[in-house]
**Q** 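Right, I'll just put the structure down here and ask away after.
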Amino acid sequence: MTEPIPLIKLNEPVKRLTVTPGKGRTPSVAVVYATRDGDLEVLDGGKPMRWSDQMLTKYRTRFEVDISDHHLSFEFKDDVPLPTQGDVYHFHATVSVSFRVTDPAEVIRRNVTDAVPLVRGHVLGVCRPITRMFAIEEAEEAEAAIRARFRRDTLIQGGISMYAVEVRLSLDEAGRKYLQEVEQAARDEKIHAARHATNVNDVNREGQLDVLKQARDHLLQDRERMMLNGQPLDAMSMVRLHLQRNPHDTAGAMKIVAELEQARYEHQEKQTDRMQSLLAGFAGEGLVNPAEVSALVDAVVRHMEGSAGVLHASATVGTPAQPQQPALDWDESLDDILGAANPSATPADEPGRSPAPAAPAPAAPAPPANLCPVYLLIDESVEDDVWTAGLDTTVTELFGDLAARAKVAAALRIAVLGFAESVETRLPLGPVPTTPVSPQFTARGPADYAELFGALGRQVGADLEALRAQHDSVRPPLFVLLCGAEARDSAWETPRRRLLGQLRRAEIVAFGLGPASAAVADLASYPELAFLGDGLETGRALGLFAAFLHQHIVDLGQSALDGTEPPTPAPSGFRPAE
């Protein structure tokens, strides 16, 4: 459990009549005085009153507030984890915060007896929406987004400023188990892929061997046909053929001969019995003399034995002449063997065969390390010629300045959009133009911020996909929003939140002039990125805005080239809206 950090060190009444000097203070304490009506005042940076001033003072109570630096560490896990995208898994977070009191009177006004709950609650409220935009695999990206959010000093309620925040994210048990299973599945897939290549090679080798065996069998069959061409196909010839194919199978050949002789004998017996039955029938009918039956049977048997010799086939085994096939080498591939059947086909005509590779193209110049997309969003609802003409000049001169810096311009992709009751693309997202370009802003209708954020949500995703197809590293987009009119309602909040959830680390830097100052802090991605031009005439405000654009976008392109963190917006002449 985190130890409490009390900020109010002393609470005592002010002694108006005393014979002793007033109490002093240490450098790490600020003194705050309160009147009878409850008004608070810090005198001369927190110094105590002099002894002589206490005699007639209006103050009734003296407080001492701890203004020293404090360092606090705590964790978000178990009952208060940080959710991931979809709230399925959670991050465990270890947080280190350094803070101090910068407004001692606010500490007394809010009676902050313990700074720990305020600091812990503010960090939790900032981190939860950020981590909810990232999946469980993107812990590193979520840490980077939280660091970017706290890279500037943050003043929270109770007069406390946090000047250093470090958050380290880890996975809960369910998320760790999920990523382990994903990693194991990826490893298994690699093993299966490696085995697949081996199996494919084995099948190819077996196919090549089968083709070679088939070619050998065909060659032997052709030789056999040549040997049998025109020869009679009687039983003994077939036995001799069997001995030629299997010279060591003499016993098998003799068995075949014996079986043939047995079959012939049985056939003759059947024929003799049939002939005897037939002649006996003839004798019974008086057609043949019974005394001649035996002689007739003997004559028939002798005739059958005499004619039971060689049976000449009515046709001979022959084959038309075949074209000579090329000899097969053991190192020929299966594709080469199959391709021999169609020698007229070129390699490009064969199935699965790729055409010969073309000559390599000349090497292109090295691209920048990163691409940085920038969207200029200009309010066209202001009916002022100075406004539209000044912004036309600002954007034209910006492009001219960037075109003169070729290396910086190569890392930038810029779009210009004008918005009022609808959104008009004055210049689509693309490289910095090398020729003069004027966006031609036009005053028209009331400003509709809901339509603006909705149009960005529909367009920016496709723009970024096209950029990622061209370059390996595309940074989150920067939106520079110049407002001259107040939002009519809060319908824009949902499409804005959806846009930032879709693009995650994108930043919206918002400038408010005139009536737009009321809502500009809510339009920016963070309140620290909203700036107001209170009291500035239009021409002066646009000049300061142009100076900011020139310097910040050049610095943005240079950081993309160097691979460093994007610069923090710090426009001169505008005050923070927070």
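Nothing here was measured: the structure is a model prediction, and the numbers come from that model.
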**Q** Tell me whether the count of non-hydrogen atoms from other residues, nucleotides or ligands lying under 6.0 Å of CD in Glu140 goes above 12.
**A** no
**Q** When you measure from the side chain of Ser525 to the backbone of Ile508, do you find a donor-acceptor pair of N or O atoms at a distance under 3.5 Å?
**A** yes
**Q** Please assess Tyr89 against Tyr178 for the test ring-ring contact (aromatic ring centres under 6.0 Å, His included), listing each intermediate value before the final yes or no.
**A** CA-CA 9 Å; Tyr89 300 102; Tyr178 163 74; 5.2 Å; yes
**Q** Check Leu371 against Pro368 and note the closest heavy-atom contact, atom names and distance.
**A** CD2-CG, 4.0 Å
**Q** Side chains of Leu481 and Val520: closer than 4.5 Å at any heavy-atom pair?
**A**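 No, side chains not in contact.
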**Q** State, with a plain yes or no, whether a side-chain heavy atom of His92 is found less than 4.5 Å away from one of Leu169.
**A** no
**Q** Kindly compute the distance separating OG (Ser161) from CZ (Arg152), expressed to the nearest 0.5 Å.
**A** 14.0 Å
**Q** Nearest 0.5 Å please: distance from the CG atom of Leu179 over to the CG atom of Leu171.
**A** 5.5 Å
**Q** Is a donor on one side and an acceptor on the other found under 3.5 Å between the side chain of Asp249 and the backbone of Gly252?
**A**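 Yes, the answer is positive, given that a donor and an acceptor are paired below the 3.5 Å cut-off.
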**Q** Fit a plane to each ring of Tyr449 and Phe419, take the angle between them on a 0 to 90° scale, and name the class: parallel (under 30°), tilted (30 to 60°) or perpendicular (over 60°).
**A** tilted
**Q** Going through the distances and angles, do Gln208 and Asn204 end up as a side chain to side chain donor-acceptor pair (under 3.5 Å)?
**A** CA-CA 6 Å; Gln208 293 177 9; Asn204 285 334; over 6 Å; no
**Q** Count the heavy atoms belonging to other residues, nucleotides or ligands that lie under 6.0 Å from CG of Asp87, then report whether that count exceeds 12.
**A** yes
**Q** Looking only at non-hydrogen atoms, find the nearest pair between Pro83 and Thr131 and report the distance.
**A**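 Closest heavy-atom pair between Pro83 and Thr131: O-OG1, 2.9 Å.
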**Q** Return the CZ to CG distance between Phe479 and Leu499, rounded to the nearest 0.5 Å.
**A** 5.0 Å
**Q** Going from CZ on Phe399 to OG1 on Thr434, what distance comes out if it is rounded to the nearest 0.5 angstrom?
**A**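 Going from the CZ atom of Phe399 to the OG1 atom of Thr434 covers 11.5 Å.
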**Q** Could you pull out the closest heavy-atom pair between Pro576 and Phe531, with the gap in Å?
**A** CA-CD2, 4.1 Å
**Q** Taking the side chain as everything from C-beta on, heavy atoms only, tell me whether Thr154 gets closer than 4.5 Å to Ile156.
**A** yes
**Q** Where do Ile160 and Leu155 land on the side-chain contact (heavy atoms from CB on, under 4.5 Å) test, with the steps shown first?
**A** CA-CA 6 Å; Ile160 298 173; Leu155 178 64; 5.8 Å; no
**Q** So do the side chains of Glu507 and Pro476 get within less than 4.5 Å of each other, counting heavy atoms only?
**A**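 The answer is no, as the side chains (C-beta and beyond) never meet within the 4.5 Å cut-off.
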**Q** Does any non-hydrogen side-chain atom of Leu412 lie less than 4.5 Å from one of Ile553?
**A**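 Ile553 vs Leu412: side chains touch.
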**Q** Taking the side chain as every heavy atom from C-beta outward, state whether Pro373 and Leu464 have any pair of such atoms under 4.5 Å apart.
**A** yes
**Q** Can you tell me how far apart OG1 (Thr84) and NE2 (His90) are? Round to the nearest 0.5 Å.
**A** 7.0 Å
**Q** Hey, mind stepping through His71 and Ser98 against side chain to side chain donor-acceptor pair (under 3.5 Å) and telling me if it holds?
**A** CA-CA 4 Å; His71 308 283; Ser98 299; 2.8 Å; yes
**Q** If we ignore angles and hydrogens, is there a donor and acceptor under 3.5 Å between the side chains of Asp562 and Gln558?
**A** yes
**Q** If the threshold is 4.0 Å, N to carboxylate O, is there a salt bridge linking Arg168 and Glu75?
**A**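 Judged by the 4.0 Å cut-off on N to carboxylate O distance, Arg168 and Glu75 do not form a salt bridge.
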**Q** With the side chain counted from C-beta on, respond yes when Asp210 and Gln214 share a heavy-atom pair under 4.5 Å apart, and no when they do not.
**A**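 No - every pair of side-chain heavy atoms lies 4.5 Å or more apart.
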**Q** Examine Phe548 together with Phe511 and report whether their ring centres are nearer than 6.0 Å.
**A** yes
**Q** Go through it in stages, so that I can follow the logic: the residues are Leu467 and Arg413, the test is side-chain contact (heavy atoms from CB on, under 4.5 Å), and I'd like the CA-CA distance, side-chain angles, deciding distance and then a yes or no.
**A** CA-CA 9 Å; Leu467 286 186; Arg413 297 294 184 268; 3.9 Å; yes
**Q** I would like to know whether Leu376 and Leu417 meet side-chain contact (heavy atoms from CB on, under 4.5 Å); could you show each step before the answer?
**A** CA-CA 6 Å; Leu376 302 183; Leu417 281 73; over 6 Å; no
**Q** For Leu561 and Val408: C-alpha separation, side-chain torsions, deciding distance, then whether side-chain contact (heavy atoms from CB on, under 4.5 Å) applies.
**A** CA-CA 7 Å; Leu561 286 176; Val408 173; 4.3 Å; yes
**Q** Closer than 4.0 angstrom, basic N to acidic O: yes or no for Arg505 and Glu138?
**A**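 Between Glu138 and Arg505 there is no salt bridge, as every charged N stays at least 4.0 Å from the carboxylate O atoms.
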**Q** Flag the pair Phe134 / Gln85 as yes when at least one side-chain heavy-atom distance between them is below 4.5 Å, and no otherwise.
**A**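 With C-beta onward as the side chain, the pair stays apart.
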**Q** Might you work through the salt bridge (Lys or Arg N to Asp or Glu O under 4.0 Å) test for Lys255 and Glu261, ending with a clear yes or no?
**A** CA-CA 10 Å; Lys255 183 180 179 180; Glu261 290 297 331; over 6 Å; no
**Q** Output yes when a side-chain donor or acceptor of Arg120 lies under 3.5 Å from a complementary backbone atom of Ser73, and no otherwise.
**A**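 No, Arg120 side chain to Ser73 backbone: no donor-acceptor pair under 3.5 Å.
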**Q** Can Asp401 and Arg405 be counted as an ion pair, charged N to O under 4.0 angstrom?
**A** yes
**Q** Give the minimum heavy-atom separation between Arg149 and Val126, together with the two atoms involved.
**A**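 Residues Arg149 and Val126, closest heavy atoms: CG-CG1, 3.5 Å.
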**Q** Tell me if a side-chain donor or acceptor on Asn201 pairs with a main-chain N or O of Ala197 at a distance below 3.5 Å.
**A** yes
**Q** At their closest point, which heavy atom of Pro495 faces which heavy atom of Ala450, and how far apart are they?
**A** CG-O, 4.0 Å
**Q** Measure across Ala369 and His471 and return the closest heavy-atom pair with its distance rounded to 0.1 Å.
**A**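 Taking every non-hydrogen atom into account, O-CE1, 3.3 Å.
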**Q** Does a side chain donor of either Gln551 or Asp555 reach within less than 3.5 Å of an acceptor in the other side chain?
**A** yes
**Q** Not counting sequence neighbours, which residues clear salt bridge (charged side-chain N to carboxylate O under 4.0 Å, His left out) with Arg496? List them please.
**A** none
**Q** Please round to the nearest 0.5 Å and tell me the distance separating atom CG of Leu377 and atom CG of Leu482.
**A**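 Here the rounded value is 9.5 Å.
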**Q** Does this structure show an ion pair linking Glu183 with Arg187, if we count only N-O contacts that are shorter than 4.0 Å?
**A** yes
**Q** Can you check whether Cys483's main-chain N or O pairs, donor with acceptor, with Asp379's side chain at less than 3.5 Å?
**A**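 No: the side chain of Asp379 does not pair with the backbone of Cys483.
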**Q** Against Phe74, only a single residue in Val80, Val95, Thr94, Val116 fulfils side chain to side chain contact (heavy atoms under 4.5 Å, CB included); can you say which?
**A**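 Among Val80, Val95, Thr94, Val116, the one that satisfies the side chain to side chain contact (heavy atoms under 4.5 Å, CB included) with Phe74 is Val95.
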**Q** Verify whether one side chain among Asp188 and Gln184 offers a donor that lies under 3.5 Å from an acceptor in the other.
**A**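 Their side chains do contain a donor-acceptor pair, which is all the 3.5 Å distance test asks for.
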